[in-house]
Amino acid sequence: MADKRDYYEVLGIQKGASEAEIKSAFRKMAMKYHPDRNPGDKEAEEKFKEVNEAYSILSDADKKSRYDQYGFAGVDPNYGAGAGGAGGFGGFGGGFSGGFGGFEDIFDMFGGVFGGGSGSTRSRANTPRKGKDLQKGVSITFEEAAFGCKKNIDIQMYVSCKACNGSGAKAGTNKRTCSKCNGVGRISQMSRTPFGQFQQTIDCPDCNGTGQVIDTPCPDCKGQGRIRKAVTISVDIPAGVDNDSVIPIRGQGEPGYNGGANGDLYIVLSVKPHKLFERDGADLYLNIPISFDQAALGAEIIVPTLKDKVKYKIPAGTQPGSKFRLKGQGIKYLRREAVGDLYVTVTLEVPTKLNAKQKKLIEELGNEMDASCYQKKSTFAEKLKEMFM
């Protein structure tokens with residue numbers, strides 16, 4: 001446990017970060033280290049687990065409060081076990097360790113003396129809890145990102161068992177109230193400590209803290225109320241999404257516990273590159289080669305767009321690297337009606353295969369044109385002349 005990193009450090013945020021900041025940081029780090037994006041990378045896999053562990057603590061208000069106050073010992077009952085020797089307090093130098101399961105167990109130990117201990121603050125097993133959030137990476141084409149599409153996503157997840165409607169009890173039977181704890185989920189017991197004998201409140205061992213007992217478990221889910229299976233979910237991907245865009249689908253995560261809300265599903269998009277276009281936000285960029293005669297005399301060229309082809313008139317004397325803007329021929333802004341632009345950069349292509357006649361014609365043309373025909377060449381000649389005067 002000594003090398004365990006601070007949860008805030010894992011998510012790259014400061015202590016005291018808001019709930020929104022924690023969730024935003026989690027999404028960013030989870031996307032970075034997700035196994036789908038780092039196949040075969042064991043280090044990324046470990047960091048992904050570390051990120052999920054940090055989020056599971058900091059996204060839970062109760063656990064976050066205990067972690068902020070007591071560190072790992074407040075959320076992990078096994079943290080520091082053995083550091084102070086069997087059954088001792090480690091000389092009180094490094095906090096309570098060894099023989100106890102962490103601060104929470106210590107508070108429970110004194111519960112009967114000081115009025116209930118941590119039972120009022122810890123997460124109760126029979127309390128409604130939200131289901132687990134899920135994340136799925138999806139690859140789409142450049143055009144699908146630009147215009148939007150509908151995708152069917154296959155994902156392995158836990159779902160509510162249909163055979164028992166999620167109760168965990170075999171069809172035709174019901175759960176019963178636990179007789180040991182009378183449905184409370186907690187019981188009191190006496191514990192012997194270095195300070196004497198104290199009353200301790202713990203989860204009921206007969207019902208595991210749920211307050212209910214299943215005498216005849218459902219054979220399909222083995223009493224769990226949920227089964228793991230492949231599920232196909234239809235997802236509407238809006239026009240204008242980009243690489244690493246995240247689409248939240250509320251309520252499509254795993255089922256909640258004890259009547260709690262379902263978790264959410266987060267779709268992380270990976271956009272394949274286009275053969276011709278480069279993208280920057282909603283704007284597109286395209287390089288088009290033109291010939292010497294087109295550049296010198298001007299010409300009407302055909303410019304491809306994502307939807308079709310358009311004609312564009314380039315002026316005479318167009319220089320290599322000149323950029324032209326085609327308004328409204330880019331990509332739609334995400335969740336807006338505005339559309340970006342297409343920027344076309346022309347490049348001059350010099351012929352590499354010429355026959356004798358073509359070479360002669362070019363030579364004749366070259367002989368007919370002097371520096372005055374070229375703006376840059378003429379300027380350069382003047383500067384060169386001044387340099388050696």
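Predicted model only: the values in this text are computed from it and were never measured.
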Item to check | Validation row: Leu342, Val303 side chains within 4.5 angstrom (heavy atoms) | outcome: yes
Checklist entry - Ignoring hydrogens and geometry, is there a side-chain-to-backbone donor-acceptor pair from Ser59 to Tyr55 under 3.5 Å? => result yes
Item to check | Candidate pair Asp215 and Thr173, rule side chain to side chain contact (heavy atoms under 4.5 Å, CB included), full reasoning | outcome: CA-CA 9 Å; Asp215 293 316; Thr173 67; over 6 Å; no
Checklist entry - Should the ring pair Tyr67 and Tyr8 be called parallel, tilted or perpendicular, given that the plane angle runs from 0 to 90° and is split at 30 and 60? => result tilted
Checklist entry - Under a 4.5 Å side-chain heavy-atom rule over Ile, Leu, Val, Met, Phe, Trp and Tyr, are Leu11 and Val75 clustered together? => result yes
Item to check | Val246 side chain near Met31 side chain, heavy-atom distance below 4.5 Å | outcome: yes
Next on the checklist: To check you understand the geometry: which heavy-atom pair defines the closest contact between Gln319 and Gly317, and what is its length?
Outcome noted: NE2-O, 3.1 Å
Checklist entry - When you measure from the side chain of Asn52 to the backbone N and O of Phe48, does any donor-acceptor pair fall under 3.5 Å? => result yes
Checklist entry - Any sub-3.5 Å donor-acceptor pair from Asn262's side-chain atoms to Gly131's backbone N or O? => result no
Next on the checklist: Strictly distance-based, threshold 3.5 Å: is any side-chain N or O of Asn38 a donor or acceptor partner for the main-chain N or O of Asp41?
Outcome noted: no
Checklist entry - Given side chains that start at C-beta, do those of Val235 and Gln252 come closer than 4.5 Å, heavy atoms only? => result no
Checklist entry - Does any N or O in the side chain of Gln358 come within less than 3.5 Å of the main-chain N or O of Asn355, such that one atom is a donor and the other an acceptor? => result yes
Checklist entry - Where does the angle between the aromatic ring planes of His274 and Phe142 fall among parallel (under 30°), tilted (30 to 60°) and perpendicular (over 60°)? => result perpendicular
Next on the checklist: Is it the case that over 12 heavy atoms from other parts of the model lie below 6.0 angstrom from the NZ atom of Lys32?
Outcome noted: no
Checklist entry - So which heavy atom on Ala169 is nearest to which on Cys164, and how close? => result O-CB, 3.1 Å
Next on the checklist: Rounded to the nearest 0.5 Å, what separates atom CG in Asp236 from atom CD1 in Ile267?
Outcome noted: 11.5 Å
Next on the checklist: I need the minimum non-hydrogen distance between Gly321 and Thr345, along with the two atoms involved.
Outcome noted: O-CG2, 3.8 Å
Next on the checklist: Main chain of Pro255, side chain of Arg226: is a donor-acceptor contact present, judged purely on distance under 3.5 Å?
Outcome noted: yes
Next on the checklist: I'd like to know if Leu276 and Val310 are part of one continuous hydrophobic network [Ile/Leu/Val/Met/Phe/Trp/Tyr, side-chain heavy atoms within less than 4.5 Å].
Outcome noted: yes
Checklist entry - How far apart are the closest heavy atoms of Met157 and Gly253, and which atoms are they? => result CE-O, 3.1 Å
Item to check | Heavy atoms from other residues, nucleotides or ligands near NZ of Lys170 exceed 12 (cutoff 6.0 Å) | outcome: no
Checklist entry - Do Glu53 and Tyr7 pass the side-chain hydrogen bond (donor to acceptor under 3.5 Å, both in side chains) test, and can you show the C-alpha distance, the side-chain angles, and the key distance before you say yes or no? => result CA-CA 8 Å; Glu53 178 184 337; Tyr7 289 141; 2.6 Å; yes
Item to check | Shared hydrophobic cluster for Leu306 and Leu286 (ILVMFWY, side-chain gaps under 4.5 Å) | outcome: yes
Item to check | Lys175 atom NZ: more than 12 heavy-atom contacts under 6.0 Å | outcome: yes
Checklist entry - Would a 4.5 Å heavy-atom cut-off, applied to side chains only, mark Tyr33 and Val51 as touching? => result yes
Checklist entry - Under 4.0 Å between a Lys/Arg side-chain N and an Asp/Glu carboxylate O for Asp264 and Arg250? => result yes
Next on the checklist: Is the shortest side-chain heavy-atom distance between Pro320 and Thr347 below 4.5 Å?
Outcome noted: no
Checklist entry - Quick one: NZ on Lys151 to CD1 on Ile237, what's the gap to the nearest 0.5 Å? => result 6.5 Å
Checklist entry - Looking at Arg37 and Asp244, does any basic side-chain N land under 4.0 Å from a carboxylate oxygen? => result yes
Checklist entry - Taking it one step at a time, do Asp280 and Tyr343 satisfy side chain to side chain contact (heavy atoms under 4.5 Å, CB included)? => result CA-CA 11 Å; Asp280 183 9; Tyr343 292 90; over 6 Å; no
Checklist entry - Distance from Lys272 atom NZ to Glu144 atom CD, nearest 0.5 Å? => result 8.0 Å
Next on the checklist: Under a plain distance cut-off of 3.5 Å, with no hydrogens placed, do Gln294 and Ser291 share a side-chain donor-acceptor pair?
Outcome noted: yes
Checklist entry - Between Ser167 and Asn165, is any side-chain donor less than 3.5 angstrom from a side-chain acceptor? => result no
Checklist entry - Looking only at heavy atoms, which two atoms of Ala295 and Ile290 are closest? And how far apart? => result CB-CD1, 3.8 Å
Next on the checklist: How long is the straight-line distance from CD1 of Ile202 back to CD1 of Ile187, given to the nearest 0.5 Å?
Outcome noted: 4.5 Å
Checklist entry - Has the side chain of Arg279 got a donor or acceptor atom that lies under 3.5 Å from a matching backbone atom of Gly281? => result yes
Checklist entry - Can any side-chain N or O of Lys15 pair as donor or acceptor with the backbone N or O of Asp68 at less than 3.5 Å? => result yes
Checklist entry - Does Glu21 use its side chain to pair, donor to acceptor, with the backbone of Ser18 at less than 3.5 Å? => result yes
Item to check | Face-on cation placement of Lys4 at Phe72 ring, 6.0 Å and 45° thresholds | outcome: yes
Checklist entry - Should we say atom CD of Gln156 is surrounded by more than 12 heavy atoms from elsewhere, each under 6.0 Å from it? => result yes
Item to check | Close side-chain approach of Lys323 and Tyr285, heavy atoms under 4.5 Å | outcome: yes
Checklist entry - Does Ile227 belong to the same Ile/Leu/Val/Met/Phe/Trp/Tyr cluster as Val231, with side-chain heavy atoms less than 4.5 Å apart forming each link? => result yes
Item to check | Heavy-atom side-chain proximity of Asn208 to Asp203 below 4.5 angstrom | outcome: no
Item to check | Intermediate values then yes/no, side chain to side chain contact (heavy atoms under 4.5 Å, CB included), Glu254 and Leu134 | outcome: CA-CA 7 Å; Glu254 293 186 349; Leu134 300 176; 3.9 Å; yes
Next on the checklist: Any carboxylate oxygen within less than 4.0 angstrom of a Lys/Arg side-chain nitrogen, looking at Glu364 and Lys360?
Outcome noted: yes
Checklist outcome for this item: When rounded to the nearest 0.5 Å, the distance separating CD1 of Ile288 from CD1 of Ile301 is 4.5 Å
Item to check | Flag if over 12 foreign heavy atoms under 6.0 Å of CD, Glu19 | outcome: no
Item to check | Joint cluster assignment, Ile247 & Ile140, ILVMFWY side-chain distance < 4.5 Å | outcome: yes
Checklist entry - From Lys23 NZ over to Arg27 CZ, what is the distance, rounded to the nearest 0.5 angstrom? => result 5.5 Å
Checklist entry - Given side chains that start at C-beta, do those of Phe324 and Pro315 come closer than 4.5 Å, heavy atoms only? => result yes
Next on the checklist: Tell me whether Gln14 at atom CD has more than 12 heavy atoms from other residues, nucleotides or ligands lying less than 6.0 Å away.
Outcome noted: no
Item to check | Asp242 backbone acceptor or donor facing Ser245 side chain under 3.5 Å | outcome: yes
Checklist outcome for this item: In short, Cys161 meets Asp220 closest at the heavy-atom pair SG-CB, 4.0 Å
Item to check | Neighbour count >12 (heavy atoms, 6.0 Å) for atom CD, Glu9 | outcome: yes
